[in-house]
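Heads up: the structure comes next, in structure tokens.
Everything numeric in this text was worked out from a predicted model, so none of it was measured. Reckoned from all heavy atoms, side chains included, excluding hydrogens, waters and symmetry mates.
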Amino acid sequence: MQTSSDDDDNDGQEPLDSQTSDIWKYFTDAHCHPIDTPSNIHLLPKLRTSQFFVMGTRPDDWDAVQDVARQWPAKVVPAFGIHPWFVQHQPSDICSTPVWSRLRACLEAHPTAMVGEIGIDGVASDRLTKEKYPLPHQVDIFKRQLDLAAKLRRTVNVHTVQCHGKLLEIVREYDSKLPSGKDRRKAKANSRHSSSATNAAAASEQLQPDPFPPKFINHSYSGSADIILQLIRLPRIGRRFYFSFSSAINSRSPKTLSRIRCVPDNRILIESDLHDPAGMDEQMWKSCELVAEAKGWSMMECAQKIAKNVHELLNHDSTQH
């Protein structure tokens, strides 16, 4: 769910029946909201895109996300979270509320579920009063959800609009809390061969639970190319970041192609970011075209590379640091 843009939509080719059918099996929609159009939800299992990451954005829609996940488990990867547009209804001590207990229950009921859609939004405001939602409160709720995802070892699906510098600041804090890979390997060796309580305690301290989610999807990424490079170069968590692009949002900006080119080939995803199943296949095709153009790939090459990225994303080692 995004609103930031720079330009008008460009005209992409619609997927035609005559186009190769083999490509669709490689398509995974990394971010979508089909439950927002209940009258068309019956179309979801009929779409040619093979899989959908279906977002929950607030407590009111979590049941609908659970319903589609249970009805079409091979097609849907559910996600549950509180979007920055809706965190104003939640207290800063959200972890002690019934909403938080319910969020955790949804995630535990669906072992493959992501935490999302969560994030921070620099322009989000009340539709009636036009008053901006305070960013510090958004950050508080965002961090609590990151912590929950880390504890449950779940991927996060993240919305960031016009505050990517703040996002970088937040994840740098997490990165600084983690020991380096070299330090962790040394700690593991020490814990196996330790001959003293002091050494064992020191090793145990270095092997504390990982405080950051195992994978982090930046959906409909609209930040700068420089932020991409800074995120992926973070020494401890840089390999966890993925960047997803949608034609519906990202094709509006003339900067999108240069942003895509900065993303490593093994960190790119595509999405529709649509709220109606009726248009999702068409937008997935256009999103693939967008990435293929930027990378100089054929459509099939693009689809296959992204399918491999999705496989790596969904089959992460939850104990990896």
> Which pair of heavy atoms, one from Leu43 and one from Pro277, lies closest together, and at what distance?
Replying inline: CB-CB, 4.2 Å
> Under the side-chain contact (heavy atoms from CB on, under 4.5 Å) criterion, do Met299 and Trp285 qualify, and how do the steps go?
Replying inline: CA-CA 9 Å; Met299 286 288 286; Trp285 186 273; 3.5 Å; yes
> Hey, mind stepping through Asp63 and Arg102 against salt bridge (charged side-chain N to carboxylate O under 4.0 Å, His left out) and telling me if it holds?
Replying inline: CA-CA 10 Å; Asp63 283 346; Arg102 186 167 165 238; 3.3 Å; yes
>> For Tyr133 versus Gln138, what's the shortest heavy-atom pair and its separation?
In response: O-NE2, 3.3 Å
> Atom CZ of Arg154 and atom CZ of Phe80: how far apart are they, to the nearest 0.5 Å?
Replying inline: 9.5 Å
> Got a salt bridge between Asp147 and Arg144, using NZ or NE/NH1/NH2 to carboxylate O under 4.0 Å?
Replying inline: yes
>> Can a side-chain donor-acceptor contact be found between Ser220 and Ser246 if the only test is distance below 3.5 angstrom?
In response: yes
> Is it true that Lys75 and Asp29 have a side-chain N and a carboxylate O under 4.0 angstrom from each other?
Replying inline: no
> To the nearest 0.5 Å, what is the distance between CZ (Arg259) and CG (Asn218)?
Replying inline: 12.0 Å
>> Any salt bridge linking Lys132 with Asp126? Criterion: basic side-chain nitrogen under 4.0 Å from a carboxylate oxygen.
In response: no
>> Under a 3.5 Å distance rule, please check whether Thr129 uses its side chain to pair with a backbone N or O of Glu131 as donor and acceptor.
In response: yes
>> Between Arg104 and Glu108, does any side-chain N to carboxylate O distance fall below 4.0 Å?
In response: yes
>> Once you measure the plane-to-plane angle for Phe212 and Tyr174, does it fall in the parallel (<30°), tilted (30-60°) or perpendicular (>60°) bin?
In response: tilted
>> For the backbone of Lys295 and the side chain of Arg261, can you confirm whether one donor and one acceptor N or O come within less than 3.5 Å of each other?
In response: no
> Between the side chains of Thr57 and Asp61, is a donor N or O closer than 3.5 angstrom to an acceptor N or O?
Replying inline: yes
> Stepwise, does the side-chain contact (heavy atoms from CB on, under 4.5 Å) test hold for Phe245 with Ile260?
Replying inline: CA-CA 8 Å; Phe245 296 92; Ile260 294 173; 3.7 Å; yes
>> Quick check against the 3.5 Å criterion: does Ser253 have a side-chain atom that pairs as donor or acceptor with the backbone of Lys255?
In response: yes
>> With no hydrogens and no angle check, just 3.5 Å: does a side-chain donor-acceptor pair link His110 and Gln66?
In response: yes
> For the atom pair CZ (Phe243) and CG (Leu231), what is the distance rounded to the nearest 0.5 Å?
Replying inline: 5.0 Å
>> If I compare all heavy atoms of Asp22 with all of Lys25, which pair ends up nearest, and what's the gap?
In response: O-CG, 3.1 Å
> Side-chain donor-acceptor pair under 3.5 Å between Asn157 and His31, yes or no?
Replying inline: yes
> Below 4.0 angstrom, N of the basic side chain to O of the carboxylate: do Asp121 and Lys166 qualify?
Replying inline: no
> Taking Ser224 for the side chain and Ile227 for the main chain, is one N or O donor matched with an acceptor at less than 3.5 Å?
Replying inline: yes
> Any idea which heavy atoms bring Pro59 and Val99 closest together, and the distance?
Replying inline: CG-CG1, 3.8 Å
> Does the side chain of Asn266 pick up a donor-acceptor pair with the side chain of Asn309 at under 3.5 Å?
Replying inline: no
> Do you know which two heavy atoms are closest between Val76 and Ala69, and how far apart they sit?
Replying inline: CG1-CA, 3.9 Å
> At what distance, to the nearest 0.5 angstrom, does CD1 of Ile82 lie from CD1 of Ile118?
Replying inline: 10.0 Å
>> We want to know whether Gln90 and Thr97 form a side-chain donor-acceptor pair, criterion being a heavy-atom distance below 3.5 angstrom.
In response: no
> Mind checking whether His219 and His159 have parallel, tilted or perpendicular rings, split at 30° and 60°?
Replying inline: tilted
> Any luck finding a side-chain donor-acceptor pair between Asp67 and Gln71 under 3.5 Å?
Replying inline: no
> Do side-chain atoms of Arg153 reach the backbone of Ala150 as a donor and acceptor pair under 3.5 angstrom?
Replying inline: yes
> Rounded to the nearest 0.5 Å, how far does SG of Cys288 lie from OH of Tyr26?
Replying inline: 12.0 Å
> Is Asp175 reaching over with its side chain to a backbone N or O of Arg236, donor-acceptor style, under 3.5 angstrom?
Replying inline: yes
>> Has Ser96 got a side-chain atom pairing as donor or acceptor with Asp93's backbone, closer than 3.5 angstrom?
In response: yes
> Could you state the interatomic distance from NE2 (His83) to CD (Gln145), rounded to the nearest 0.5 Å?
Replying inline: 11.0 Å
> Glu271 and Ser244: side-chain donor and acceptor closer than 3.5 Å?
Replying inline: yes
>> Counting only heavy atoms from other residues, nucleotides and ligands, does the tally under 6.0 Å from NZ of Lys151 exceed 12?
In response: no
> Phe216 vs Phe142 aromatic rings, parallel, tilted or perpendicular, using cut-offs 30° and 60°?
Replying inline: perpendicular
>> Just to verify, which of Gln283, His33, Glu282, Met284 counts as forming a side-chain contact (heavy atoms from CB on, under 4.5 Å) with Leu274?
In response: Gln283
>> Ring of Phe86, cation from Arg58 - is the NZ or CZ under 6.0 Å from the centre and inside 45° of the axis?
In response: yes
> Are Lys143 and Glu173 within salt-bridge range, i.e. N to O under 4.0 Å?
Replying inline: yes
> Using 4.0 Å as the upper bound for N to carboxylate O, is an ion pair formed by Glu289 and Lys286?
Replying inline: no
>> Test of understanding: clusters of I, L, V, M, F, W, Y form through side-chain heavy atoms closer than 4.5 Å, transitively. Do Val139 and Leu146 belong to the same one?
In response: yes
> Looking only at heavy atoms, what is the nearest atom pair of Ile170 and Ile120, with distance?
Replying inline: CD1-CD1, 4.1 Å
